[in-house]
Amino acid sequence: MEYYQPWLVVMTDGVPTNARHRELEGRLKELTAARKLSVFVFGIGRADLSELSCISPGRPPMQINDQKFPELFAWLSRSVRMVSMSMPGDGVSLTPLPEDVWQV
């Protein structure tokens, strides 16, 4: 039976503070490979994107402008709406985020 993948959206201005994120890394890879989860990681401020990439399987973490949260949430809302209106198994292409969301 096909179903919609839940989304995990992570927003952080830091890095993991203990080794438990390595356990999470493996589990997130398993879930995304099995198409049971979609992960979106957003770095804010001085977030270490290379470190955050371990919890962002399938797509690199994205550095965002912390003044552009309304645009980010509008994009997330539109994207979830697009997916929810599709049929399970359909390939849905998300619209790109507005360019100024990335200008840090």
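Residues take their numbers from the sequence shown, with the count starting at 1. Remember, it's a predicted structure, so these values are computed and weren't measured experimentally.
- Applying the side chain to side chain contact (heavy atoms under 4.5 Å, CB included) criterion to Phe69, with sequence neighbours excluded, gives Met11, Ile44, Ile64, Asp66, Leu72, Phe73.
- Partners of Ser38 under the side chain to side chain contact (heavy atoms under 4.5 Å, CB included) rule, at least two apart in sequence or in another chain, are Gln5, Trp7, Phe40, Arg59.
- The only member of Val10, Asp13, Leu49, Val9 that meets side-chain contact (heavy atoms from CB on, under 4.5 Å) when paired with Phe42 is Val9.
- With sequence neighbours excluded, the residues forming a salt bridge (Lys or Arg N to Asp or Glu O under 4.0 Å) with Glu30 are Arg27, listed by chain and number.
- Partners of Leu24 by side chain to side chain contact (heavy atoms under 4.5 Å, CB included), not counting sequence neighbours, listed by chain and number: Leu28, Ile55.
- Taking the side chain to side chain contact (heavy atoms under 4.5 Å, CB included) definition, one finds that Glu25 meets it with Arg22, Lys29, Cys54, sequence neighbours left out.
- Between the Gln63 side chain and the Gly45 main chain, a donor and an acceptor come within less than 3.5 Å of each other.
- With sequence neighbours excluded, the residues that form a side-chain hydrogen bond (donor to acceptor under 3.5 Å, both in side chains) with Ser50 are Asp48.
- Nearest heavy-atom pair across Leu52 and Ala47 is CD1-CB, 3.9 Å.
- Shortest non-hydrogen contact noted between Pro61 and Ser56 is N-OG, 3.6 Å.
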